[in-house]
Amino acid sequence: MIFKKSLLATSILVATLGLTACGGSSSNDNNVQTPDPTTPTTPTNEAPTAITLKSKDADATEVTVTENMVAVEIGTLLVTDSDDEKHTITVSDERFEVTEAGVLKLKAGQHLNYELEQEVTVTLTVKDSTNEKTFDVTFKVLDEMDYDFISRFEEGKSSVAYSGQIARHVLIKELYNYIGSDKFVTDAKNTNATKETLIAELNKIYAVSEEDYNSIWEDRDLTVVTDPAAQTKLTDISSSHKNLSGKVAGNDAKGQYKDWKEDGSFVGWTAIAADGETPIPELVVKDLFEQLAERAITGNATAPGGEEIDAIYVTDKGVDLNQMIQKFLYGALAFSQSADDYLDYDTEGKGLLTDNTVAVEGKAYTNLEHQWDEGFGYFGAARNYMSYSDDEIAGKGGRDGFSAGYNDANGDGKIDFNSEYNFGNSTNAAKRDRGTVENAKPTDLTKEAFEAFYNGRKLINSTEGALSDAQMETLKGHAKAALLAWEKAIAATVVHYINDTTKDLQTLKAGVTAGEYKASDFATLAKHWSEMKGFALNFQFNRHSPFYAEGNADQFKKMHDLIGTQPVIEPNDVDAYIEKLDQARDILQAVYEFDAENVANW
């Protein structure tokens, strides 16, 4: 490519580099004949003598580029040449190109990886009108705090893998999308539809068997979409059998800190699916499915005031069954698996008490690396999570390519659910941080959670063999810190929905009293209350929860007694119920030591 260098730039470079332009000699050495002044001479075109890579940052003392930045400009190339101003520059490394303006940059779709190379040297071929010369230029790659770790066992290969966790995140979203879809309404209105047929459809997502997994999901397009997605089928994410029911607390018994089948273990939901069965987490889902199927077969409910509710999954008691199911699974599955399995250390051979000396057979990682990764996978953050703003993680604006809550980090034109998408509770952390940004004591739950996950994984990755006792204590600290930030994000989200529900109840009381209450307002109340309740059930899945700290033993049950199992919607009783919600919020503020201003504004 051709670019023109100014004479001023040449002068500056020559002076800076201490170079002298070469021309004809004026020596009077007696042994040198003086050419006849009348004889014309042809000047020799000298080759370029140097090339300098100048940073885009005028104040930079060296040229650097941050990893994972696709098609980024590295810097401007300046050629030193005493007698030629036009040059063609080519670069040996096919990842790079030189623009017509003389800028060295990565090609479209290319990015650098600090874990693979901390410094890059490229060979440049510079041609002037008659000469050609090669030069090497070097620049440094800066590390970004991304969840990207290279195997100790296979050169250049990532040791990070958690596709099973992502498959379950997608299944939770698929279940939510199906319940809220026209297809679910159509299935419910089918003349042959029964409660059993609807529950069977729900279980194709929630409890699909190993025998049916491929036959159902190989041909079923995902409704969780990006533009475009690297995976359009669940089997593209995970080819092995994955469902939700098998990982709900109590069903995946190994490593759980309590026996959820023990009578009275589960707190906050009194519904029992059948006589004699304890309300363990699995049966809470079953109960919600039963209510949903019955509601769908019966038809849409009626709101206070007499209007029919549009959503088939909202009950006349003010429960949004779709929201309840999704938010409960965020805890009973995702949070439970991470807190009480992969990041825990009370069961030999599970979580942090697994091997870090050898690679898992056929894999590029140790068992301990993989356990930690699976815990991170359930948090749901993209691997370049710290590159996003809170607005971007929350899908509330920001830069093009980030503002929808996902980012094509590797520049391949597709969104990879396994690394480039923010799921579940990772987004709630950002939403709550957004709610405090103008306050005196803003939260940074996204940073607290991700840094703890990152630092723990970095410790594991950098340790050859088993961790020492001191390293293990440090790792346990990182695990607790990650879970605490995650749990605080859940607690702050419950506070947020208590605040929303309070406003909705005030609208209900005023509207019903005036005879002007709308079904859409009731659906909003049901949505907010159910998100509040669904999330509030989740703290019991972490044995390190602040709710289990000394002095808080009875606070979890008390909070749920105040919230109840459905909102109070009788206008005359609303004020008293709002007072109970205020008390529940006070409990959360005290247990998690939240700032009062943040609690008020969430």
Side-chain angles (χ1 to χ4, degrees), residues 176-177 179-181 184-185 268-271 284 287-288 291-292 294-296 298-331 428 431-432 435 490-538 559-588 599-602:
Y176 177 84
N177 288 352
I179 295 171
S181 70
F184 182 68
V185 175
W269 195 260
T270 57
V284 173
D287 178 59
L288 293 170
Q291 290 187 53
L292 175 63
E294 183 172 355
R295 177 76 271 155
T298 303
N300 294 45
T302 301
E307 286 189 0
E308 183 179 280
I309 304 166
D310 286 340
I312 200 171
Y313 45 79
V314 173
T315 73
D316 56 3
K317 303 295 185 183
V319 177
D320 183 324
L321 296 166
N322 198 13
Q323 292 289 348
M324 271 291 297
I325 292 166
Q326 184 189 44
K327 275 48 180 187
F328 179 63
L329 288 175
Y330 280 161
N428 287 321
K431 291 175 182 177
R432 304 294 79 82
I490 299 172
T493 300
V494 176
V495 170
H496 167 73
Y497 286 118
I498 288 176
N499 292 341
D500 280 352
T501 299
T502 297
K503 296 174 185 175
D504 297 335
L505 289 167
Q506 291 166 342
T507 299
L508 179 145
K509 179 181 178 181
V512 172
T513 301
E516 299 174 349
Y517 192 58
K518 298 178 180 179
S520 59
D521 290 330
F522 189 67
T524 299
L525 165 63
K527 176 183 181 296
H528 291 156
W529 183 92
S530 300
E531 291 185 273
M532 171 189 70
K533 179 66 176 182
F535 279 122
L537 292 167
N538 295 346
M559 177 185 67
H560 279 285
D561 288 342
L562 292 165
I563 292 173
T565 55
Q566 62 189 45
V568 172
I569 58 176
E570 173 58 44
N572 293 334
D573 298 330
V574 161
D575 288 342
Y577 183 56
I578 288 175
E579 288 183 13
K580 289 185 176 181
L581 293 182
D582 287 345
Q583 293 174 45
R585 189 178 65 173
D586 290 343
I587 289 173
L588 289 165
V599 167
N601 290 334
W602 272 326

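If you read the sequence from its start, that first residue is 1, and numbering goes on from there.
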Taking all atoms of both residues into account, what is the closest heavy-atom pair of Y577 and M532, and its distance? OH-CE, 4.4 Å

F328 versus L537, closest heavy-atom pair with distance: CD1-CD1, 3.7 Å

Determine, stepwise, if the pair M559 / L562 fulfils side chain to side chain contact (heavy atoms under 4.5 Å, CB included). CA-CA 5 Å; M559 177 185 67; L562 292 165; 5.5 Å; no

Distance (rounded to the nearest 0.5 Å) between L581 CG and D586 CG: 11.0 Å

4.5 Å side-chain heavy-atom contact, H528 and H496: no

Basic-acidic side-chain contact under 4.0 Å: D504, K527: no

Closest contact, heavy atoms only, T565 versus G268: CG2-O, 4.2 Å

Return the minimal non-hydrogen interatomic distance between I309 and T302, and the atom names on each side. CD1-C, 4.0 Å

If we ignore hydrogens and angles and just use 3.5 Å, is the side chain of W602 paired with the main-chain N or O of R432 as donor and acceptor? yes

Euclidean distance, M324 CE relative to Q566 CD, rounded to 0.5 Å: 11.0 Å

Quick one, L292 and F184 - any side-chain contact, counting heavy atoms below 4.5 Å? yes

Identify the residue among L525, V512, D316 that makes a side-chain contact (heavy atoms from CB on, under 4.5 Å) with P304. V512

Cut-off 3.5 Å, side chains only: do Y497 and E531 have a donor facing an acceptor? yes

Could you check whether any side-chain heavy atom of Q506 comes within less than 4.5 Å of a side-chain heavy atom of K509, counting everything from C-beta outward? no

Provide the closest heavy-atom pair for A303 versus A519 in the form atom of the first, atom of the second, distance. CB-CA, 3.9 Å

Modelled atom types, side-chain donor and acceptor of D287 and Q291, under 3.5 Å: yes

Under 4.5 Å between any side-chain heavy atoms of N538 and F535, yes or no? yes

Check whether any side-chain heavy atom of T524 lies under 4.5 Å from a side-chain heavy atom of T507, and answer yes or no. no

I need the Y517 OH to E307 CD distance, nearest 0.5 Å. 10.5 Å

For D310, look at atom CG and say whether over 12 heavy atoms of other residues, nucleotides or ligands are found less than 6.0 Å away. no

Side chain to side chain contact (heavy atoms under 4.5 Å, CB included), that's the test. Do W269 and L288 meet it? Break it down for me. CA-CA 11 Å; W269 195 260; L288 293 170; 3.8 Å; yes

One should read off an interatomic distance between I490 CD1 and K327 NZ, to the nearest 0.5 angstrom, of 12.0 Å

Side-chain donor or acceptor of K518 paired with backbone N/O of G305 under 3.5 Å: no

Do the side chain of D320 and the main chain of V314 share a donor and acceptor less than 3.5 angstrom apart? no

V599 backbone acceptor or donor facing N499 side chain under 3.5 Å: yes

Between I569 and L508, is there a side-chain heavy-atom distance shorter than 4.5 Å? yes

Output for pair (T298 OG1, R295 CZ), nearest 0.5 Å, gives 5.5 Å

Side-chain contact test, heavy atoms from C-beta onward, threshold under 4.5 Å: evaluate it for K431 versus T493 and give yes or no. no

Inter-residue atom distance T315.OG1 - N300.CG, 0.5 Å rounding: 12.0 Å

Quick check: do Y176 and I325 have side-chain heavy atoms less than 4.5 Å from each other? no

Where do G180 and Y313 come nearest, in terms of heavy atoms and distance? CA-CE2, 3.8 Å

